[in-house]
Engineer: 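Below is the structure I would like to discuss, written out as structure tokens.
First the proteins, then the strands, lettered A, B, ... as listed; each starts at 1.
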Protein chains: 2
Amino acid sequence: MLRRFAGVTATMEGSAPRRTRIQQEKRELILEAALEVFSTNGFRGSTIDQIAEAAGMSKPNLLYYFRRKEDIHETLMQRLLDTWLAPLRELDDIGDPLTELRSYIRRKLEMARDFPRESRLFANEILQGAPRIMPMLEGELKTLVDEKAAIIKGWMRAGKLARTDPWHLIFAIWATTQHYADFDVQVRAVLGADRGGDGRFEDAARFLEQLFLDGLKPKG
Amino acid sequence: MLRRFAGVTATMEGSAPRRTRIQQEKRELILEAALEVFSTNGFRGSTIDQIAEAAGMSKPNLLYYFRRKEDIHETLMQRLLDTWLAPLRELDDIGDPLTELRSYIRRKLEMARDFPRESRLFANEILQGAPRIMPMLEGELKTLVDEKAAIIKGWMRAGKLARTDPWHLIFAIWATTQHYADFDVQVRAVLGADRGGDGRFEDAARFLEQLFLDGLKPKG
DNA sequence: CAAATTTTTGACCGATTGGACAAACGTTAG
DNA sequence: CTAACGTTTGTCCAATCGGTCAAAAATTTG
């Protein structure tokens, strides 16, 4: 008799892998634990034992739901990318350009605040050369960014926005917002006990809005 | 007879550890190799064997110069921090504020271009919670940033700069410049073959200058 | 109920890890 | 030359790694 596995590799046929209630719950539990572990230790720095312990189960039990360590990481990555790019997808041609950009910045900053582990997981992957998601970067991501850069370029041509490089503008928004998730320890250490509390995201939001809209030149 | 070691732990007395010519050269070789390996794989993701091979020597030979893996990382970190904060230390009260900030941004961007491995080594450490340099962040770094933030605040009070949060301004400069080192793979993937070449740093410099000085609002 | 199936676990495996050690080798000073 | 010292390496070790497997335990199905 063939052995059965609760997990399904990503390369299998696209048909829904119909899972039992227990399988769904346990897989969810593992992914949650793995997000915690991977995001703070990186892929190679994390062990299956750590994830299993964080998920409250034995290692062989975990391997019953995900056959390989990489399968967990892959599943996590696929889910992440959808939600991670959602704010940029929402960037819309209709509406006032400055308002549109401001709310994109705000949404990205909220994601850094509410999903710091996802941000760090992504940062870890990119830092190490993106060995597992390179095709996505050159494909899906590039296409999306090019598309949005074209919209921004249109706004600039219409005189609604200062003329500048849309791609580097998007990079700057990513960098400044994700910084508050990826470099959180540093931000809190530098701000100190008094200013490093919960208010730091509102301070950041105010600052970034002013920076991106008006820059640093004094008025008048 | 006591065994001798070419390496000296950081906790030993501060006296110069007088080393032979060979020791200096080999230690330098190891640190160069370790920078390459650590910056792309993280601390836990790197092995002594990898570093030894990259340095062209056997593992026991490497361990003759650095007794533990951590000692290499620690030495690398200490050297890094000095040069890494040098641009901020240069930020000076004399001279025009906008010019001063512009050249700080340019210096940081040049460091991202010329020392990407150092940037990634630092990013790796912060991402994983800065377990090895936390005291430095709360001590030396915070002191330096507070000091420079006070200078910037002075400029703002004098009407030479738009009023905003100096700390978050420094974060934004760090984030936008280091992004081109830490997320280099992503930047190149999104820009594509034509625009992702050597010119990307000049494009970034132009964009960042405009962003920080004038923001995105259209003129007039 | 009982049979079939799914879930869980302890024991185990080969590979890799960081590091120890003594012996061999090279170099230098008297 | 030779003794002392500095350098290099092969070999080894215990711990940890990702992953297997068979059997026990729990659950679902008829």
Engineer: In whole angstrom, give the distance that lies between atom NZ of Lys59(B) and atom P of dC21(C).
Structural biologist: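 Taking NZ of Lys59(B) and P of dC21(C), I get 15 Å after rounding.
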Engineer: Reading DNA chain D from 5' onward, which residue's closest nucleotide shows up sooner: Arg44(B) or Asn61(B)?
Structural biologist: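 With Arg44(B) and Asn61(B) compared, the 5'-side residue is Asn61(B).
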Engineer: I need the CZ-P distance between Phe66(A) and dT20(D), as an integer number of Å.
Structural biologist: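 Rounded to whole Å, this separation is 15 Å.
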Engineer: Taking atom types as modelled, is there a side-chain donor on Trp167(B) or Asp203(A) under 3.5 Å from an acceptor on the other?
Structural biologist: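 Looking only at side-chain atoms, Asp203(A) and Trp167(B) do not form any donor-acceptor pair under 3.5 Å.
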Engineer: When the distance from OH of Tyr64(A) to P of dT7(C) is rounded to whole Å, what number comes out?
Structural biologist: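 Taking OH of Tyr64(A) and P of dT7(C), I get 4 Å after rounding.
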Engineer: Which part of the nucleic acid does Lys26(A) contact within heavy-atom distance under 4.0 Å: base, sugar-phosphate only, or nothing?
Structural biologist: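 Sugar-phosphate contact only - Lys26(A) comes under 4.0 Å of backbone atoms but never of a base.
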Engineer: Angle between ring planes, His179(A) versus Phe171(B), binned at 30° and 60°: parallel, tilted or perpendicular?
Structural biologist: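 Answer is tilted, since the angle falls between 30° and 60°.
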Engineer: Compare the minimum distances between each of dG19(C), dT8(D), dG10(C) and the side chain of Tyr65(B), then state the nucleotide with the smallest one.
Structural biologist: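 Of dG19(C), dT8(D), dG10(C), dT8(D) is nearest to the side chain of Tyr65(B).
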Engineer: In whole angstrom, give the distance that lies between atom CZ of Arg27(B) and atom P of dG6(D).
Structural biologist: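 Taking CZ of Arg27(B) and P of dG6(D), I get 15 Å after rounding.
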Engineer: Less than 4.0 angstrom from a charged side-chain N to a carboxylate O is my criterion; do Arg79(B) and Glu28(B) meet it?
Structural biologist: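 Salt bridge flag = yes for Glu28(B) with Arg79(B).
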Engineer: Could you give the CD1-to-C1' distance, from Ile72(B) to dG19(C), as a whole number of Å?
Structural biologist: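 Between C1' of dG19(C) and CD1 of Ile72(B): 12 Å.
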Engineer: In whole Å, I'd like the distance from the CG atom of Asp71(A) to the C1' atom of dG19(D).
Structural biologist: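 After rounding, the gap between these two atoms is 12 Å.
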Engineer: Has Gln23(A) got a side-chain N or O lying under 4.0 Å from the OP1 or OP2 atom of dT6(C)?
Structural biologist: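 No, Gln23(A) has no side-chain N/O under 4.0 Å of OP1/OP2 on dT6(C).
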Engineer: Output, in order, the C-alpha distance, side-chain angles, deciding distance and verdict of ring pair (Phe, Tyr, Trp, His ring centres under 6.0 Å) for His168(B) and Tyr180(A).
Structural biologist: CA-CA 10 Å; His168(B) 288 277; Tyr180(A) 290 96; 5.6 Å; yes
Engineer: Could you tell me the separation between the CG atom of Leu63(B) and the P atom of dG10(D), rounded to a whole number of Å?
Structural biologist: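 Leu63(B) atom CG is separated from dG10(D) atom P by 14 Å.
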Engineer: Over how many whole Å does the gap from Ile48(A) atom CD1 to dG19(D) atom P extend?
Structural biologist: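 One finds 5 Å between P of dG19(D) and CD1 of Ile48(A), rounded.
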Engineer: Of the candidate nucleotides dT9(C), dG19(C), dT17(C), which contains the atom at the shortest distance from the side chain of Lys69(B)?
Structural biologist: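 So the side chain of Lys69(B) is nearest to dG19(C).
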